[in-house]
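Along the sequence shown, residues carry numbers from 1.
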Amino acid sequence: MTLRLPDPRGSRAVLIGTSRYTDSKLPDLLAVRNNLEVLQELLTSETLGSFSPQRCTMVLDAVDPRSVCGTIREAGMTATDTLLVYFSGHGVLNEDLTELHLALTDTDESDLRWTSIPFQAVREVFEASPCPKKVLILDCCHSGQVLDSLMGVRAESPEMWRIRGTHILTSSARDLPSYAPTGERYTAFSGELIRLLRDGLPDRPELLTLSELYAPLSKALVHSGYPEPRQQGSDGYAQLGLVRNRAAVTRAGSNPDAQTEDLGPGTTSAIRDEEIRFGPNRAFARVRRWGIGVPVYLMLLAVLVTNMPAEGDHLDPTDPHQWAAVLSVVGP
């Protein structure tokens with residue numbers, strides 16, 4: 001497989017997250033909103049990303065499982081190069097612990113079938129999609145449960161369940177939770193993934209592949225006391241690049257985004273994130289300057305033309321009295 005970024009003309013991304021829940025058994029995960037917004041910015045960045053903003057859909061705090069499944073299905077059937085599906089939120093197992101369900105805002109743990117997204121529905125979309133390259137990233141409890149069933153490696157699974165061209169990255173093993181640390185900007189898994197996508201990896205290639213990301217991602221999470229993520233792929237698609245490596249671009253002498261450049265060793269990642277999302281909008285500043293400057297210039301020009309000396313008179317550019325008479329029309 002040739003190493004390259006997804007073709008933005010034929011690639012689709014669906015970023016799904018649930019930050020608020022009506023079921024008291026499912027606590028709110030406010031960091032999920034930040035996960036989705038910043039991942040969307042990174043994936044669609046002109047300097048780092050590879051997805052078109054018009055083809056990267058964010059679904060936040062949805063209540064209707066059927067609608068969300070329809071969004072995933074539409075993306076899967078129209079993507080001709082790469083399909084990326086990401087979910088962040090609560091993952092709930094059914095009563096016999098055999099099926100993972102992705103929880104939405106109105107998910108009821110006593111009625112998972114009709115109020116959540118059974119992973120079976122996502123699996124069917126991946127099976128039916130003609131897209132040659134598919135990526136699934138799950139940041140939820142028990143996310144590792146999907147690995148064997150999706151890739152068809154269980155002894156009792158028929159060959160029809162094998163989905164070629166798919167790479168899966170999960171935040172934990174099938175029997176472990178995932179974490180959203182209190183007071184943190186992101187969930188634990190997605191926060192480390194965002195940091196790697198945003199800051200890059202020194203001494204690595206220009207494109208950050210899934211396989212390049214996994215080792216440092218796993219090391220950082222385990223070092224912080226969180227579960228080790230899991231990955232599984234087929235057909236060599238672990239070599240699929242997701243974003244450009246910022247560290248490699250900077251090493252080559254180019255700054256891809258002045259708003260996200262390193263502000264020094266004392267600057268935290270959280271501060272840099274705030275600058276990415278809430279930094280000054282330079283395009284707006286330019287428009288504002290021109291919007292003010294051009295009308296003022298035209299007004300002064302009109303006043304000067306109107307007050308030009310009559311024929312035969314002479315305007316002495318060195319005479320302050322003549323200029324004062326002209327500019328007095330403009331006022332203070």
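- If you check the side chains of T115 and T107, you find no donor sitting under 3.5 Å from an acceptor.
- The side-chain heavy atoms of D139 and Y86, taken from C-beta on, include a pair separated by under 4.5 Å.
- For the 3.5 Å distance criterion, the side chains of R12 and T78 qualify, holding a donor opposite an acceptor.
- Looking at W114 and D108, their side chains never come closer than 4.5 Å, going by heavy atoms from C-beta outward.
- Taking the side-chain hydrogen bond (donor to acceptor under 3.5 Å, both in side chains) definition, one finds that S218 meets it with E228, sequence neighbours left out.
- At a threshold of 4.0 Å, the pair D28-R20 counts as salt-bridged, since one of the basic side-chain nitrogens sits closer than that to a carboxylate oxygen.
- By the 4.0 Å N-to-carboxylate-O rule, D81 lies too far from R9 to be salt-bridged with it.
- Side chains of Q231 and H167: a donor-acceptor N/O pair is present below 3.5 angstrom, by distance only.
- Scanning for side-chain hydrogen bond (donor to acceptor under 3.5 Å, both in side chains) contacts around S24 gives an empty result, with sequence neighbours left out.
- Using modelled atom types, one finds no donor on one side chain facing an acceptor on the other under 3.5 Å when comparing D61 with T18.
- A 4.5 Å side-chain heavy-atom check between H90 and P27 finds at least one atom pair inside the cut-off.
- Side-chain contact check for L15 versus T57: every heavy-atom pair is 4.5 Å or farther apart.
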